[in-house]
**Student:** 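Okay, here's the structure, questions in a sec.
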Amino acid sequence: MVQTAREKLVQSLAGEPAHVVEEVCARWDRWSPDLVDGLSTVYPARAEEVAAQIAGLVGAAVRTRRPALRRRDRARQLHPDWFQCPDQVGYVAYTDRFAGTLAGVAEKVGYLRELGVTYLHLMPLLATRTDVDPAAVGGDDGGYAVGDYRRVRPHLGTNQDLAALADSLHEADVSLTVDLVLNHVSREHPWAVGARAGDERLARFFHVFADRTTPAAYERTLPEVFPDFAPGSFTHDREVRGGQGGWVWTTFNAFQWDLNWSNPDVLTEMLDVVLHLANLGVDCLRLDAVAFLWKRMGTDCQNQPEVHAIVQALRAAAHVAAPSLVFKAEAIVPPDQLTAYLGTGRHAGRVSDLAYHNSFMVQLWSALASERADLARQALTGRPPKPTTTAWATYARCHDDIGWAVDDADAAAVGLQGWAHRSFLSAFYSGRHPGSFARGLVFQHNAATGDSRISGSTASLAGLEAAREAGDAHGVDLALGRIFLLHAAVYGFGGIPLLYSGDELALLNDPQWAADPAHAGDNRWVHRPRMDWDAALQRDDPDTVVGRVFSGLRHLAGVRASLPSLHAAVETEAVDVGTNAVLALARRHPSGPLVQLYNVTPYWQRVPAGRVRAAAGLRRFWEHLSAFAPVTEPGGAGDELALPPYAAWWLGERDAGRAPGARG
Ligand code: GLC
């Protein structure tokens, strides 16, 4: 069976020089077992036929891959762990909010490099429903309601602009990530338009039901993603089923139609999109809402095993055509489901290269609110190890809300009640809890379950907005301490840290977020501010808040890049160092041990130094972020480390830094 597909590949490479055919075939031989394994899991009866179809798509993509990208493929195959290296720092921005257009982004590369950025995620930039149908009402979910995967949003530029930006980013050693929205298309996308117009092939791209019977059966176990502005998971559409009307699966907004991935045509079409984006020069695809791809009655229709088989097949095929492309899973799922997106069991190391560490993000905010580290330690312990070839994407904030993904069993293990703690976090970060420093907004309160999530910028959630308003200079210092601690943990975890645009300037919640009527119903826009380039002018002034935050982040990037022990191949372990006020993370890397201490309280804390040494086999202490040797009396009564409020310390051996010019 593999032979047939391979022959198809060779055939589709007709006209390419022999060495190219040989190289591509070698890649096929390397990756086709993963491809066939994935396809056989989801489409057992049609795996052979689909593999052959894919071979044709792959061959066509190879033929149109431009020389600069082929060179990049070769370089990245020699450096496959590039995204795991400590010199990587990510930045996430909306093109228009950051720099107007794609051409504008190219002019900001110098600014990004100041922050040590090597990886740029530009939020959805493909034509949305409103671009393809100006009459579409209700917005486009921040670009996640795609109307055309083949072209860039007109107000941002053209496909050529995107390719040119990729080239200039690559010259500056910056990789480009864009979103691949693969769970749904917008109702205005040609597939949905065709389905509505009666095209039977396209109708099979979606989940359409004649009446509410089956949707109701699914809904018995389906959680609602947007209970507030898009309740339920199905939407009635009058045009489907040849005008008879029916219920369409819409997990997110009513205008986002879930794709039916049990239809292999969906996979081949989406793979073609993957290859198209790779050939524009994209280095990494963020697999949006990937957890939802496979539906199974009686389940929550998330994290089904088939999801991993599908991603494995897509990635294997992409590696044949564009070996430098990597995948990042956006699966905001319970902690015990996360690692599967990097690969566990038979999929270990064969699915996404990167995945968001949603649990770590939640735990950092939880620790700051509760001034205790035990829940974070519990949540980080006892999960399956991730494959050594993969990396977590770590972050403090992103463009989405924060959902309190706290596992009930983890909470119980540290004497908390899961639901009560989640309610406390929502109350705390919306500023309702007495003594809260935060200024967030409640997002998607679910009256049925009592759950709610939180919107807000890092700075506002960390207390800067409230402290400034109160003219409280000490409060400002504490807020800056929290902002630095959050980012030190994100930069020190040993994955790729993702900085959300504006956080480097401590931008507060955007008071104008609802001014655009298309945004008014969705308060996630409160933390998606337009870049404040005037504020950025203060970034080198140490007497300003902007200068303090910006220089702190620049410093973190520099120290991170100098520490080989932060390579993502090695696990981070949460360890108990004898005080619940300090989150301690240990890394045992052959280049030397590293123990990070994060004082999650606004008070001085003492930590038994012996426990810290034992955590990773450290002999002496050198604090890499401040470049000093904390004084203790080994074995004596004063053998304690004294940590100031919100201290973030990276303790290792003094000579653990990288030799100048070394890589990897
Ligand atoms: C992802 C995006 C979010 C969007 C959703 C639907 O979770 O991050 O912004 O609303 O997918 O596409």
Side-chain angles (χ1 to χ4, degrees), residues 90 92-95 97 121-130 138-147 149 153 177-189 192 206 222-233 235 248-259 261 270 273 284-293 300-303 307 311 327-334 337-338 341 352 354-359 361-362 393 395-403 405 441 443-444 453-457 498 500-501 513 518-519 521-528:
V92 183
Y94 277 98
T95 303
R97 303 202 145 226
H121 170 197
L122 290 177
M123 299 291 296
L125 46 70
L126 301 177
T128 70
R129 62 192 293 259
T130 51
D140 58 22
D141 189 21
Y144 287 101
V146 178
Y149 290 92
R153 304 197 71 170
T177 296
V178 305
D179 284 82
L180 178 71
V181 185
L182 74 181
N183 177 66
H184 43 266
V185 298
S186 73
R187 184 175 181 272
E188 290 71 20
H189 185 280
F206 302 98
L222 276 180
E224 291 176 289
V225 178
F226 295 144
D228 179 2
F229 54 64
S233 298
T235 302
V248 182
W249 199 310
T250 55
T251 298
F252 293 88
N253 287 290
F255 51 76
Q256 288 163 305
W257 287 23
D258 286 42
L259 288 164
W261 281 83
M270 202 50 91
V273 171
C284 173
L285 287 172
R286 172 189 179 277
L287 309 181
D288 180 66
V290 64
F292 296 85
L293 297 192
D300 61 1
C301 296
Q302 292 184 50
N303 314 306
V307 170
V311 173
F327 281 180
K328 176 174 63 170
E330 191 252 348
I332 308 305
V333 298
Q337 300 285 349
L338 271 183
Y341 289 86
S352 289
L354 294 157
Y356 286 86
H357 205 323
N358 172 52
S359 172
M361 181 273 290
V362 163
Y395 60 115
R397 286 297 289 117
C398 70
H399 71 291
D400 279 329
D401 53 289
I402 306 179
L441 303 180
F443 180 71
Q444 302 299 314
R453 288 129 65 182
I454 290 290
S455 293
S457 76
L498 303 180
Y500 189 67
S501 180
W513 69 270
H519 297 169
D522 182 347
N523 70 25
R524 289 176 297 174
W525 288 96
V526 79
H527 55 254
R528 299 172 180 174

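The figures that follow rest on heavy atoms only: side chains count, while hydrogens, waters and symmetry mates do not. Remember, it's 1-based here, ligands and their atoms both numbered in the order they're listed.
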**Student:** Before accepting this row, confirm whether a basic side-chain N of the pair Asp400/Arg528 lies closer than 4.0 Å to the acidic partner's carboxylate O.
**Tutor:** yes
**Student:** Just jot down the ring pair (Phe, Tyr, Trp, His ring centres under 6.0 Å) partners of Phe292, sequence neighbours excluded, or say none.
**Tutor:** Phe252
**Student:** Say whether, by atom type as modelled, one donor and one acceptor occur between the side chain of Gln444 and the main chain of Arg453 under 3.5 angstrom.
**Tutor:** no
**Student:** Got a sec, which residues hit side-chain hydrogen bond (donor to acceptor under 3.5 Å, both in side chains) with Asp179, two or more places apart in sequence or on another chain?
**Tutor:** His121, Tyr144, Arg286
**Student:** Is the cationic atom of Arg129 (NZ for Lys, CZ for Arg) positioned less than 6.0 Å from the six-membered ring centroid of Phe255 and within 45 degrees of its normal?
**Tutor:** yes
**Student:** Using the test side-chain hydrogen bond (donor to acceptor under 3.5 Å, both in side chains), find all partners of Trp261 that sit at least two apart in sequence or belong to another chain.
**Tutor:** none
**Student:** Could you give the N/O to N/O pairs under 3.5 Å linking ligand 1 and the protein, each with its distance?
**Tutor:**
unit_1	atom_1	unit_2	atom_2	d
ligand 1	7 (O)	Glu330	OE1	3.3
ligand 1	7 (O)	Glu330	OE2	3.0
ligand 1	8 (O)	Arg286	NH2	2.8
ligand 1	8 (O)	His399	NE2	2.9
ligand 1	8 (O)	Asp400	OD2	2.4
ligand 1	9 (O)	His399	NE2	2.8
ligand 1	9 (O)	Asp400	OD1	2.7
ligand 1	9 (O)	Asp400	OD2	3.4
ligand 1	9 (O)	Arg524	NH1	3.3
ligand 1	10 (O)	Asp141	OD1	3.1
ligand 1	10 (O)	Asp141	OD2	2.7
ligand 1	10 (O)	Arg524	NH1	3.1
ligand 1	11 (O)	Asp288	OD1	2.9
ligand 1	11 (O)	Asp288	OD2	3.2
ligand 1	12 (O)	His184	NE2	2.9
ligand 1	12 (O)	Asp288	OD2	2.8

